[in-house]
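The model shown is predicted, which means the values in this text are computed figures rather than measured ones. By convention in this document, chain letters (A, B, ...) are assigned in the order of the sequence lines, proteins followed by strands, and residues within each chain are numbered from 1.
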Amino acid sequence: MQAVSSTYVTTPIYYVNAEPHLGHAYTTIIGDAITRWSRLTGAPTKFLTGTDEHGLKIQQAAEAAGVSPQAFTDDIAPKFAAAWDKLNIANDDFIRTTEPRHKVAVAELLQRCYDAGDIELDTFAGKYCVACEEYYSDDELVSAEGVAGEGELCPIHQRPVEYFEEENYFFRLSRFQDRLLDWYAKHPTAMTPEHRGNEALGLIRSGLRDFSISRTSLEWGIPLPWDPKHVTYVWFDALTNYLAAVGFGSDDQDYEDWWPAIHLIGKDIVRQHCVYWPAMLMSAGVELPKRWAIGGWLLVGGEKMSKTSGNVVNPLDLIDDIGLDGFRYYVLAETPYGSDGDFTYEGLVARYNSDLANNLGNLAARVATVVAKKCDGVGPAPDPDSPLSAAAETAYTESAAQWAELQPSRALDATWGLIRATNAHLEQNEPWKADPGPDVDRVMGDALEALRIVAILSSPAIPDTAQTVWERIGMPGQVADQHLPDAVTWGGYPGGADVVKGDPLFPRIKL
RNA sequence: GGCGGCGUAGCUCAGUUGGUCAGAGCAUCCGGCUCAUAAUCGGAAGGUCGUCGGUUCAAGUCCGACCGCCGCUACCA
């Protein structure tokens, strides 16, 4: 017998220089839904998110706030954890890069790459703004008129930059071009969607330069094991969280159980995740990730969310307006994963009203009412030969395929196909016109069975509502504990259970 | 400049290797129903599949050119 392969899903770890916003929530909800689907399939599943807490910007922000970096991050990191709690994110772990286990893993990865000869001391030269404590490239420097790429002034301070040389350790990324291309050639579906993957391949083909991995000027970070004057930053620090959370360097069994991961990332960090990271892993002799799912931005009103444009959306505010599952569903259903989405309040309400209130919510309500009137409130068993069984089969098959492709919006569309078919089935049979009896029972049993299957298939997106539907039609236990594909085989609704109507699942919202 | 992508019904998008591929959802209009959250069901309308050429018995589906839009172009989640 072959061991069931496990699923290990990660989000990027979020930099704690800002509080959680819609963009963070977007990726995290997608990861959560994918994870919940994986659990339904019976695969051992682990979902990781966390916070990135080192680096100069945190150090500076902490100084500005008059607190230590540790105290600063101790204040913000829990806000992320709390936000995910409110969004019903079922992450199994939450890693902070300031934790000991993370530092152990970073040291291990660094040492392995160093021992492999892929980290070497070299000179980093560049133009440095003392005020920013940052290096700038020629493209970034501005002229006195503020034109980028034509001057020698810091873009932020408008002050002359200085030419600095610094001893840095470099990771010899340039050695990995062919190996990366070979690997991706053998794993053509590793990056999804394809056009995003092509961008990464383009980056690799255009040539790879070594990158520096340490600074001596930085204090808030993890020192190099063999040369503690140097502190590593960004790449070897942040990326390594994915390994740290499964015991890399400390717990071999945990590591064996979960690695390699499926990484959910944003389109802005493709280079780091799809080029740097696999090269670092190759150097260290670590198996490469199973997959990278590259998402787009969730824009707000067509524009990138930013503090300066004042359009930052707090996801927790939306929950108050539209409900937790309403918000989750919108995020998952509205935008094909990989494309940029556009968040608008109008779109949120339109999606909510049509799919959740009118289709699913109303279906549950009308079924409960007819069962109450025609079946004494007791749910009958479905017809084994119901025409709806084909729709249920299709809904499962297609949504399973789309979840496997990491396409929640398409998976949900397939699931909603069963809801539409069930509404149509009721219209065709008009049980509310018939006298109680076997014919009515058959139709209502079919509808209840469809609702049972819908509850299972939709549970990764709207876990609370799915459980409510599950209970109202009289099913015992937790919908999340069901196992595919057996649980969605037509005929699973036992009949004989009390059906409860309850309040509307999704009250219509008027703009 | 270089590399890559996109342009299909009002809107958002599906359309494997060319031959029921001209589709779905939403929106609109008409009709039915009244169990249901003025929900639902049926039907209709709506696109020369960016433009112009080419290959082919046959092209959104391949090739070329052009127009328009966009992404990436290196140490910044």
Side-chain angles (χ1 to χ4, degrees), chain A residues 11-18 21 23-24 27 51-52 55-57 124 126 134-137 139-140 168 170-171 173 193-213 215 233-235 238-239 265-273 275-276 296-297 333-336 339-342 346-347 350-351 353-374 407 409-410 412-414 416-417 419-434 440 443-444 447 501 503-510:
Chain A
T11 73
I13 51 173
Y14 304 115
Y15 206 52
V16 292
N17 62 348
H21 62 236
H24 300 120
T27 305
T51 44
D52 181 10
L56 185 64
K57 286 186 178 156
F124 183 88
E134 290 253 37
Y135 285 95
Y136 287 101
S137 67
D139 294 346
E140 294 169 317
N168 283 174
F170 279 74
F171 180 74
L173 183 67
E194 193 178 4
H195 72 273
R196 295 284 178 209
N198 286 339
E199 281 182 15
L201 293 176
L203 292 175
I204 299 169
R205 290 198 192 95
S206 67
L208 300 177
R209 267 188 240 157
D210 300 338
F211 60 90
S212 84
I213 63 152
R215 292 281 163 81
Y233 72 105
V234 194
W235 325 124
L239 292 166
I265 64 174
K267 65 179 184 179
D268 54 321
I269 49 176
V270 166
R271 176 189 306 283
Q272 293 85 325
H273 281 78
V275 183
Y276 292 8
W297 291 110
E334 183 73 3
T335 304
S339 303
D340 283 348
D342 188 18
E346 293 71 20
R351 174 67 69 170
N353 277 341
S354 73
D355 290 3
L356 296 178
N358 296 352
N359 284 354
L360 175 55
N362 184 57
L363 174 63
R366 68 196 303 207
V367 167
T369 298
V370 178
V371 169
K373 287 185 179 175
K374 304 286 184 178
Q407 284 292 347
S409 68
R410 296 182 189 178
L412 291 169
D413 187 47
W416 254 247
I419 296 174
R420 291 183 214 106
T422 305
N423 272 320
H425 187 244
L426 290 174
E427 293 292 331
Q428 279 170 13
N429 291 281
E430 301 183 310
W432 44 87
K433 282 184 175 175
V440 168
V443 174
M444 296 320 294
K501 180 168 184 183
D503 293 331
L505 294 172
F506 299 102
R508 275 182 66 84
I509 293 174
K510 284 170 185 153

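Applying the salt bridge (charged side-chain N to carboxylate O under 4.0 Å, His left out) rule to A/Asp340 yields the partners A/Lys267; only residues at least two apart in sequence or on another chain are considered. Judged as a salt bridge (charged side-chain N to carboxylate O under 4.0 Å, His left out), and not counting sequence neighbours, A/Asp342 has no contacts. Applying the side-chain hydrogen bond (donor to acceptor under 3.5 Å, both in side chains) criterion to A/Arg410, with sequence neighbours excluded, gives no partner residue. Under the side-chain hydrogen bond (donor to acceptor under 3.5 Å, both in side chains) criterion, A/Thr335 pairs with no residue, sequence neighbours left out. Residues satisfying the side-chain hydrogen bond (donor to acceptor under 3.5 Å, both in side chains) test with A/Tyr15, not counting sequence neighbours, are none. For A/Asp413, the side chain to side chain contact (heavy atoms under 4.5 Å, CB included) partners two or more places apart in sequence, or in a different chain, are A/Arg420. With sequence neighbours excluded, no residue forms a salt bridge (charged side-chain N to carboxylate O under 4.0 Å, His left out) with A/Lys373. Not counting sequence neighbours, the partners of A/Arg508 by the side-chain hydrogen bond (donor to acceptor under 3.5 Å, both in side chains) test are A/Asn358. The salt bridge (charged side-chain N to carboxylate O under 4.0 Å, His left out) check on A/Lys433 picks up A/Glu430, with sequence neighbours excluded.
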Quick one, give me the B/S/- string for nucleotides 27-38 of chain B, reading 5' to 3', where B means a protein heavy atom under 4.0 Å from the base and S means that only happens at the primed atoms, P, OP1 or OP2. -----BSSBBB-
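Rounded to a whole Å, the CH2 atom of A/Trp416 is 13 Å from the P atom of B/rC26. Note: CZ (A/Arg209) to P (B/rU73) measures 12 Å, nearest angstrom. For the pair A/Trp297 CH2 and B/rA77 P, the interatomic distance rounds to 11 Å; values are reported in whole Å. Distance, A/His21 NE2 to B/rA77 C1': 8 Å, rounded to whole Å. Look at CD1 on A/Ile269: it is 15 Å from C1' on B/rC72, rounded to the nearest Å. Atom CG of A/Asp355 is separated from atom C1' of B/rA39 by 14 Å (rounded to the nearest Å).
The nearest pair of heavy atoms linking A/Tyr233 to A/Ser212 is OH-OG, 3.1 Å. Nearest heavy atom pair, residue A/Ala200 against residue A/Val275, reads O-CG2, 4.3 Å.
A close approach under 4.0 Å does occur between a side-chain nitrogen or oxygen of A/Arg410 and OP1 or OP2 of B/rA14.
Going from the C1' atom of B/rG68 to that of B/rU8 covers 16 Å, rounded to whole Å. B/rA39 sits 26 Å from B/rG46 when the C1' atoms are compared, rounded to a whole Å. The gap from the P atom of B/rC6 to that of B/rG64 amounts to 14 Å, rounded to the nearest Å.
Among the atoms of the strands shown, none is found under 4.0 Å from any heavy atom of A/His273. Using a 4.0 Å heavy-atom criterion, one finds that A/Arg205 contacts no nucleic acid atom at all. Within 4.0 Å of A/Asn359, counting heavy atoms only, lie sugar-phosphate atoms of the nucleic acid but no base atom. Using a 4.0 Å heavy-atom criterion, one finds that A/Gly207 contacts the bases of the nucleic acid, with or without backbone contacts as well.
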Pairing string, 5' to 3', for RNA chain B - Watson-Crick or wobble contacts under 3.5 Å, brackets [ ] where pairs cross, | to another strand: (((((((..((((.........)))).(((((.......))))).....(((((.......))))))))))))....
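Between A/His24 and A/Tyr14, the ring-plane angle classifies as perpendicular under the 30° and 60° cut-offs.
The nucleotide whose nearest atom lies closest to any side-chain atom of A/Tyr15 is, among B/rC75, B/rA77, B/rU40, B/rA77.
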Pairwise N/O distances under 3.5 Å, protein to nucleotides 4-12 of chain B:
none

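B/rG7 adopts an anti glycosidic conformation, its chi angle falling more than 90° from 0.
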